[in-house]
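Every heavy atom of this structure was used, including side-chain atoms; hydrogens, water molecules and symmetry mates were not.
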Amino acid sequence: MPLVNREEIRRRKEKNARLAREQERQQIAEKQKNNFYRKELKQKPPAKKTRSGENEKQRETGNFLNKAILIVLVLLVLTMLAVFFI
C-alpha cells in the first residue's frame, strides 16, 4: 500500500478546490444565461391581439348596446303611453 505524504494530500485538496470553483463558475454562468433569456422574454411579450379580433369585439359590443338602447326606448314609450292614457 503506497503511503501518501503531505504534499500529495495538499495537491489533492487544491485539485478538489479548483474543480469545485470551476463547477461554481459554470453554475453562475448558466444562471446568468437563463436570467438573460428570461428578461428578454419578459421585454417582448407575444402579440395576442389582432385587428380582426378587435374589430369583432367592437361589433359585438356595438350590437349589444344597440339592442339595450332599443329595449329601453320601447319600455320608455310603453311607460309614457301608460301614464298618458291610463
Side-chain angles (χ1 to χ4, degrees):
M1 180 192 280
L3 295 176
V4 181
N5 59 15
R6 289 182 185 175
E7 187 177 336
E8 185 65 28
I9 293 172
R10 184 177 51 81
R11 284 185 200 150
R12 288 182 185 177
K13 283 184 182 179
E14 287 176 0
K15 184 178 179 182
N16 288 339
R18 253 186 281 129
L19 289 175
R21 283 193 304 265
E22 185 62 32
Q23 287 177 348
E24 191 174 321
R25 284 185 196 136
Q26 288 176 353
Q27 288 175 350
I28 290 171
E30 188 67 30
K31 285 181 183 179
Q32 288 175 346
K33 286 180 188 177
N34 289 341
N35 286 341
F36 174 77
Y37 290 117
R38 188 177 304 134
K39 287 178 186 174
E40 191 173 283
L41 288 174
K42 286 181 183 177
Q43 289 174 356
K44 299 177 183 177
K48 296 179 182 177
K49 296 181 180 180
T50 60
R51 186 178 300 162
S52 61
E54 291 298 312
N55 288 341
E56 183 65 28
K57 285 181 188 177
Q58 286 180 351
R59 270 189 240 113
E60 289 174 3
T61 305
N63 288 340
F64 174 76
L65 291 176
N66 286 339
K67 288 177 185 177
I69 290 172
L70 183 64
I71 290 171
V72 169
L73 286 176
V74 168
L75 290 174
L76 184 63
V77 168
L78 289 175
T79 306
M80 293 182 97
L81 287 175
V83 168
F84 290 127
F85 295 113
I86 293 180

Partners meeting salt bridge (Lys or Arg N to Asp or Glu O under 4.0 Å) with Arg18 (sequence neighbours left out): none
Over 12 foreign heavy atoms within 6.0 Å of CD, Glu14: yes
Whichever hydrophobic residues join Ile28 through chains of side-chain contacts under 4.5 Å: none
Residue list, side-chain hydrogen bond (donor to acceptor under 3.5 Å, both in side chains) with Arg21, at least two apart or on another chain: none
Contacts of Glu7 that satisfy side-chain hydrogen bond (donor to acceptor under 3.5 Å, both in side chains) - sequence neighbours left out: Arg11
Residue pair Glu8 / Arg12, side-chain heavy-atom distance below 4.5 Å: yes
Pairing residues for Glu22 by the side chain to side chain contact (heavy atoms under 4.5 Å, CB included) criterion, not counting sequence neighbours: Arg25, Gln26
Show every donor-acceptor pair shorter than 3.5 Å between a side-chain atom in residues 52-80 and any protein atom, with sequence neighbours excluded, or say none if there are none.
{"unit_1": "Asn55", "atom_1": "ND2", "unit_2": "Arg51", "atom_2": "O", "d": "3.4"}
{"unit_1": "Glu56", "atom_1": "OE1", "unit_2": "Arg59", "atom_2": "NH1", "d": "2.7"}
{"unit_1": "Thr61", "atom_1": "OG1", "unit_2": "Lys57", "atom_2": "O", "d": "2.9"}
{"unit_1": "Asn63", "atom_1": "ND2", "unit_2": "Arg59", "atom_2": "O", "d": "3.4"}
{"unit_1": "Asn66", "atom_1": "ND2", "unit_2": "Gly62", "atom_2": "O", "d": "3.2"}
{"unit_1": "Thr79", "atom_1": "OG1", "unit_2": "Leu75", "atom_2": "O", "d": "2.7"}

